[in-house]
Protein chains: 2
Amino acid sequence: MTSDADKALDKAVEVLRLDRQLCFALYSAANRVTRLYRPLLDALGLTYPQYLAMLVLWEHSPRTVGEMGQALDLESSTLTPLLKRLEGAGLIVRSRDPDDERRVIISLTDAGDAMRDQALGVAEQFFCKLDTPLPELVDLRERLKRLAV
Amino acid sequence: MTSDADKALDKAVEVLRLDRQLCFALYSAANRVTRLYRPLLDALGLTYPQYLAMLVLWEHSPRTVGEMGQALDLESSTLTPLLKRLEGAGLIVRSRDPDDERRVIISLTDAGDAMRDQALGVAEQFFCKLDTPLPELVDLRERLKRLAV
DNA sequence: AACGATTTAATCGCGTACGATATAACTTCA
DNA sequence: TGAAGTTATATCGTACGCGATTAAATCGTT
């Protein structure tokens, strides 16, 4: 016969199995994708989060730090150092908004704008590396967007 | 009329839109989930990656650093400092394998083992926070496992 | 036995993430 | 108008994540 304590332990063992955890599948997939991007982005001298920041700016520049934080769901404590590095790389310029000196405006430089074409190549190479049908990727993307919003 | 350069730009703008990027959906969802776990794990004094390491050990202890790295898909450069912190917290013990002095064996302490029950509560609270039907979560999990393996 | 190759962890440096806090600029409203 | 409240970034400390490198132990082959 099995005690209540044993049954509770069995339940814990089952529920907590790593392969049952959505959180781990997500964490692990995110790490894998970052690793997959790394060699592609090395050619541009960008890290993966820096690439995401550039995506935001290629969509629309200039943007304030706050707007970028909202788009990327990141705090200023993460963005500020990242943007300083992009500025150091000559891809963006940071300047105070004359209309509201609290705001910092991020603008693409010509070099930053020119990198867009190479980025297109990166996106295509990444798609090839994934080797997954596009509909499956689109479906996964939309499910992820809905998660924990 | 539209020039070839304009068409190429239009294509780049479309393809590179942030909301079209699986990579960003994944990155962002992973960050959100970590943030969602944080207040729950604060009660246990664990970070999110530390919680994942404990999940591995609750499944089966002792394990070598290498086995844990394989389970979690992490390098020793990530795991070693993390495990030292868990040891500092009294949840695990690190010891060299007498049969092969290269290996380091990670064992749960009684305190580490006892934390399993609280972890079960965390997993349940997280599920409530997500507020998503279980089948949807299972489906998402399996899709994530298949991605970029 | 012995020496080169391999395996296992650890160390180091860099770049995130983020909570807590600080600081400066704007807004409100008494 | 001026003090209190709010907002927009920046700074700091902690903890990852990983590539590159190192150090030690083991293995394979002769």
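Convention: sequence-line order gives letters A, B, ...; per-chain numbering from 1. Since we're looking at a predicted model, the values are computed, not measured.
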Residues of [range] with any non-hydrogen atom less than 4.0 angstrom from an atom of DNA chain D: list those, numerically ordered, please.
range: residues 37-44 of chain A; result: Arg38(A)
range: residues 89-100 of chain A; result: Arg94(A), Arg96(A)
range: residues 57-87 of chain A; result: Thr64(A), Val65(A), Gly66(A), Ser76(A), Ser77(A), Thr80(A), Lys84(A)

How would you give the extent of chain B contacts on DNA chain C, as first and last nucleotide 5' to 3' within a 4.0 Å heavy-atom cut-off? dT7(C) to dG19(C)
Measure the shortest side-chain to side-chain distance between Glu136(A) and Arg146(B) over non-hydrogen atoms and say whether it is less than 4.5 angstrom. yes
Quick one: which residue pairs count as a side chain to side chain donor-acceptor pair (under 3.5 Å) with a foot in residues 61-75 of chain B, not counting sequence neighbours? Arg35(A)-Asp73(B)
Applying side-chain contact (heavy atoms from CB on, under 4.5 Å) between Leu134(B) and each of Leu130(B), Val138(B), Thr132(B), report the one that passes. Val138(B)
Listed partners of Arg38(B) passing side chain to side chain donor-acceptor pair (under 3.5 Å), at least two apart: none
In chain order, what residues pass the side chain to side chain donor-acceptor pair (under 3.5 Å) check against Arg85(A), with sequence neighbours excluded? none
Taking heavy atoms of chain A and a 4.0 Å limit, find me the 5'-most and 3'-most nucleotide of DNA chain D within that range. dT7(D) to dG19(D)
Angle by which the axis turns from one end of the helix from dA1(C)-dT30(D) to dA30(C)-dT1(D) to the other, five pairs per end, to 10 degrees: 10°
Intermediate values then yes/no, salt bridge (charged side-chain N to carboxylate O under 4.0 Å, His left out), Arg141(B) and Asp19(A): CA-CA 9 Å; Arg141(B) 186 189 68 200; Asp19(A) 67 346; over 6 Å; no
Under the side-chain contact (heavy atoms from CB on, under 4.5 Å) test, residues paired with Thr78(A) that sit two or more places apart: Leu74(A)
What residues form a side-chain contact (heavy atoms from CB on, under 4.5 Å) with Gln118(B), not counting sequence neighbours? Leu44(B), Met115(B)
Please tabulate, for the side chains in residues 24-33 of chain B, all donor-acceptor contacts under 3.5 angstrom to protein atoms that are two or more places apart in sequence or on a different chain.
residue  : atom : partner   : partner atom : Å
Ser28(B) : OG   : Arg32(B)  : NH1          : 3.0
Arg32(B) : NE   : Leu147(A) : O            : 2.9
Arg32(B) : NE   : Ala148(A) : O            : 3.1
Arg32(B) : NH2  : Leu144(A) : O            : 2.9
Arg32(B) : NH2  : Leu147(A) : O            : 2.8

Applying a strict under-4.5 Å side-chain criterion to I, L, V, M, F, W and Y, I'd like to know whether Leu16(B) and Leu36(A) cluster together. yes
For Thr47(A), is there any backbone N or O sitting under 3.5 Å from a side-chain donor or acceptor partner on Gln50(A)? yes
Classify the ring geometry of Trp58(B) against Tyr51(B): parallel below 30°, tilted from 30° to 60°, perpendicular beyond 60°. perpendicular
